[in-house]
Every structure is written in C-alpha cells, then in structure tokens.
Student: 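Before I ask anything, here is the structure I am working with.
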Amino acid sequence: MAVHSSTLVHPKPVRAIRRMAVVVVHSNPLQEPGAGDAGGMTVYVREIARTLSSRGIEVDIFTRQDRQGAELESRLYPGVKVFQLPAGDPLLSKEEVPAHLPEFACNVRRLVDDRSFSYDMIHSHYWLSGRVATKLSERWNVPFVHTFHTLGKAKNRSLQAGDLQEPEGRLTGEGRVIAEADAIVASTNEERDWLLNLYAAHPEKIHVISPGVDHLRFAPGDTAAAKRSFGLEGKKVLLFVGRLQPLKGPDTALRAFAHLIEWGRLSRDEAALLVVGGASGISGIDEPSRLKALAEDLSIAGSVRFVPAQPHQELPRFYQAADVLLVPSHTESFGLVALEGMASGVPVVGSAVGGLKAIVQHGHTGFLVEPDAAHTFAERAWQILSDPLLRETMSRLAVCSSEDYSWHRSAADLHSVYMSC
Ligand code: UDP
C-alpha cells in the first residue's frame, strides 16, 4: 500500500546499550541497607543493576571508598561490578562529600582510561552523583540519566524537630543536574510535580518510572511460624522497618502502639512492636537512644523490641510475622518498605505523603493517615487488628496490588529511556 510521505512517522534514533556506568558516590551498594546512608537507594541501585545485567547489559558501578582498605573492584552479581574509589577520608559524612567530588570524578576517569573501558550510557543517583555524571558525560561524550531519590526543596518542606535544613549548595547542585541531565527519572507523579514546580525542570526530560519489589523474596508466608521464630507466638505484632531518623517518624509508631495499650485494645503481654533499623544521618545519631527513652516514658518498653538493621534477605521473616506494618514517615519519595510489606501480605497504615499515596490504596490495602497523627495511626491499626476478615481481605489485595510493581518492569522502562537518549 502506498504511504503518503506526510503520514510517515520518523522514529527517534534508538541507541544500543551494551555497557553502562552507574555513579552512586555516597551510599555504597556493597553496604547492607537499613542504617547510615544505605536505604532504598541502595536497594534500587542493586536491583536495577542486577536486572539490567539479566537483559544483557554490563554494569559498572562507581562509588566512594567508605572504609579503609576497601577492595577497588568487587563483583556484585554476574555482569555487575562495583569500583570503590578514594575521594577524601573514607569516614567523611555525606555532608562533607561535595568538596571531594572533583577528586572522585578524576579517579573514575583515570580508572576508565587505564582499563580502556567505554560506556554507552551513564545513570547517576542522588544529586552528588549527578554533579560527577555531568563531568563524565562531557568527557566520554555519552548521555546521562539521573534519579534524585530525594529532593532538597521537598525535604525542607517537611523538616521535623532535630532535622537540619538542606544546604543551599545542594539546592543549587540539584538545579544544575536538572539542567544538564539528558533525562531525569522520577519515582512518582508527585516527584515529577516537585521537579516541575520547585525546580522548573523541562517536562519533556522527566520520565516517571516506579521502583519495584522482588516478589521471589517478598511473598506471604506462614505467619504463625514467623512469629514463633521471634518468640512472639499468639501475639499481635506491629512492625516498623527503616532507617532511624526523625523524618521516618518512628516515634509516631511508638506513640500509636502506646495508645493501643492505654485504650485497653492491646495488652502489654499479648502484643509487640518490632522496630527494625539503625541510626541514619546527622539527625539520627541519637534517634535509637531517644526512641528507647520514649518507650520507657510511654511505659511500653517491655513490649517494644528494637532490632538492629537487618540484611535485606532477613526481612521477609519480619514482614511475615507482622499483623500490620506502620510507615509513619513525614516525607517519602517512594517507600520501598511499604511495597515489600504489601508483597508479603501485610496491610499498611502509612502517612499520606509522597510515594506512599501511590503505593497504599486507602481502605483496600491499608490506610493512609496524616503524618504525626499517632492517634489515627492507632485507630486504623486497631481497625485491621480487630477484624480478621478485613485483615485477610486487605492482605490479599495488598499482594495483588504489589504485583503492579516489579524490578523487571522498572528496568525495562529504564532501558527504553536509555535507548531514546
Ligand atoms: N532495609 C533493610 N534492612 C533494614 C531496614 C531497611 O534492608 O534493617 C531496606 C528495606 O527493606 C527497604 C530499604 O531498606 O528496601 C528502605 O527503603 P525505603 O524506600 O523504604 O526508605 P529510604 O531508605 O529510601 O528512605
């Protein structure tokens, strides 16, 4: 059939991606998440790299050496290597890293030149890495895609007592990354709106791609057996998982639990709150001791178990033991913990903020509550705990709804963005 030239669509050129460089200056992907600087971004970088590698792309991840004597080169997964390069003292805090970005970029370039590596694409994570990616992308003449994970201006709008204002240098740096990246990946529509409204990003640069969840790791299991493994058989179990810092709202979880005891809904002997995670960031240094003191003040210390950060593969047992998962964050760019809980069949009571609004379906897979409203967190948790039929229905819907998310889907969407850059 003849086709009029005016009707021909000229597709955008598609780039083949065989080898890519991932820049993640802080938050070393070899560290276990759940404390310090390692959290959702660590899981995201690992899972996307693993999945891209299964799509035939070789991935080299460049990160800053964060302990003395770290190996220069390690294999994370087949086809995925991590290079830890020096830049400043290994024990620097994230806030001190910006001054060492030029040294880091220089060391990456040197290593790549020495080994005659080449890349088709760069993907950088968090604004610090975006500043490095700008330099590398100019030098290697390849595009770079950037994911922020958190945005300083959005964070400054949700500061809690004890949180420090994000510095001007970060906000300016983010603006430059937005201007210089070839594409920006936002995890949610809300993040897209922040990029547009708070930073005047160009709408055509932004692609909304949700993170995923590993359904082989996070799936429903035998709740009674999981509870037994913690010595909590027969008890109602509430769970909080995350880096301990004020923004994550672990104090709200404690207060909500205390309300349930105080109202006589739960008894101290027949209920437990598990708080899993370690101190994170400057504002979180004192958080574990602050939370322990709060548990004493609320007279719930005997029923609250503080568990240090757990390797990711240990978490399924915690989710499986839980009757309800509390995610009381004040801000949450996505909220992998909520998604992992849902995939494990746990209804979520979470704050109506950020990615949680997209992940939790209010009234179906859990409830969305104003952050800080410990009273409402307690009421909603009790609604689930006191009604086995509702819990069972929410649990099934949570699993079903979590199936909309997978790392395979996220990686496939990212791959398309890379090819179109
Ligand atoms: N996590 C973990 N061990 C812990 C606590 C948390 O592996 O002890 C993981 C958790 O499973 C999730 C990630 O850390 O995958 C936290 O991601 P999320 O998006 O919930 O929060 P972020 O750290 O990005 O603020």
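Both ligands and their constituent atoms are indexed starting at 1 by order of listing. Everything numeric here is computed off the predicted structure, so don't read it as measured data.
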Student: Write out the residue and atom name of the closest protein heavy atom to atom 5 (C) of ligand 1, then the distance separating them to 0.1 Å.
Tutor: Gly34 CA, 3.3 Å
Student: Please list, in number order, the atoms of ligand 1 under 4.0 Å from a heavy atom of His312.
Tutor: 7 (O), 9 (C), 11 (O), 15 (O)
Student: For ligand 1, note which part of Lys248 has a heavy atom under 4.0 Å away: side chain, backbone, both or neither.
Tutor: side chain
Student: What's the shortest distance from atom 16 (C) of ligand 1 to any protein heavy atom, and which residue and atom give it?
Tutor: Gly40 N, 3.4 Å
Student: What I want to find out is whether Glu270 reaches Lys236 closely enough, with some N-O distance under 4.0 Å, to be called a salt bridge.
Tutor: no
Student: Against heavy atoms of Val241, which atoms of ligand 1 measure under 4.0 Å?
Tutor: 5 (C), 6 (C)
Student: Do Thr42 and Ser27 have side-chain N/O donor and acceptor atoms under 3.5 Å apart?
Tutor: yes
Student: Is any N or O atom of Pro33, backbone or side chain, closer than 3.5 Å to an N or O atom of ligand 1?
Tutor: yes
Student: Taking the side chain from Ser280 and the backbone from Arg243, do they hold a donor-acceptor pair closer than 3.5 Å?
Tutor: no
Student: Do Arg64 and His26 have side-chain N/O donor and acceptor atoms under 3.5 Å apart?
Tutor: no
Student: Within ligand 1, which atoms have a heavy atom of Arg243 less than 4.0 Å away?
Tutor: 22 (P), 23 (O), 25 (O)
Student: Which class fits the ring pair His149 and His125: parallel under 30°, tilted 30 to 60°, perpendicular over 60°?
Tutor: tilted
Student: Begin with the C-alpha distance, continue with both residues' side-chain angles, and end with the deciding distance and a verdict on salt bridge (charged side-chain N to carboxylate O under 4.0 Å, His left out) for Arg396 and Glu392.
Tutor: CA-CA 6 Å; Arg396 276 202 305 273; Glu392 188 49 41; 3.4 Å; yes
Student: Please determine whether a side-chain nitrogen of the Lys or Arg among Glu332 and Lys357 lies less than 4.0 Å from a carboxylate oxygen of the Asp or Glu.
Tutor: no
Student: What protein heavy atom is closest to atom 3 (N) of ligand 1, reported as residue, atom name and distance in Å?
Tutor: Gln310 O, 2.7 Å
Student: Kindly confirm or rule out a cation-pi arrangement of Arg317 over Phe230, judged by NZ or CZ under 6.0 Å from the six-membered ring centre and within 45° of its axis?
Tutor: yes
Student: Using distance alone, determine whether Gly242 and ligand 1 share an N or O pair under 3.5 Å.
Tutor: no
Student: Which atoms of ligand 1 sit under 4.0 Å from any heavy atom of Ala309?
Tutor: 8 (O)
Student: For ligand 1, which atoms sit closer than 4.0 Å to a heavy atom of Val337?
Tutor: 10 (C), 12 (C), 20 (O)
Student: Could Lys227 and Asp323 be called an ion pair, given the rule that one side-chain N must be under 4.0 Å from one carboxylate O?
Tutor: yes
Student: Which atoms of ligand 1 are found less than 4.0 Å from any heavy atom of Leu315?
Tutor: 1 (N), 2 (C), 3 (N), 7 (O), 10 (C), 11 (O)
Student: Are His146 and Phe148, when compared by the centres of their aromatic rings, separated by less than 6.0 Å?
Tutor: yes
Student: Using a 4.0 Å cut-off to any heavy atom of Glu340, which atoms of ligand 1 qualify?
Tutor: 10 (C), 11 (O), 12 (C), 15 (O)
Student: Is Glu332 near ligand 1, meaning one of its heavy atoms is under 4.0 Å from it?
Tutor: yes
Student: Taking both backbone and side-chain atoms of Phe334, is any N or O found less than 3.5 Å from an N or O belonging to ligand 1?
Tutor: no
Student: Please verify whether a non-hydrogen atom of Glu32 lies at under 4.0 Å from ligand 1.
Tutor: no
Student: Is it the case that the side chains of Asn28 and Gln84 hold a donor-acceptor pair, with the cut-off being a distance below 3.5 Å and no angle test?
Tutor: yes
Student: So for ligand 1, is Leu336 a polar contact partner (N or O within less than 3.5 Å, distance only)?
Tutor: yes
Student: Under 4.0 Å from a heavy atom of Val276: which atoms of ligand 1 are those, numbered in the order shown and with their elements?
Tutor: 8 (O)
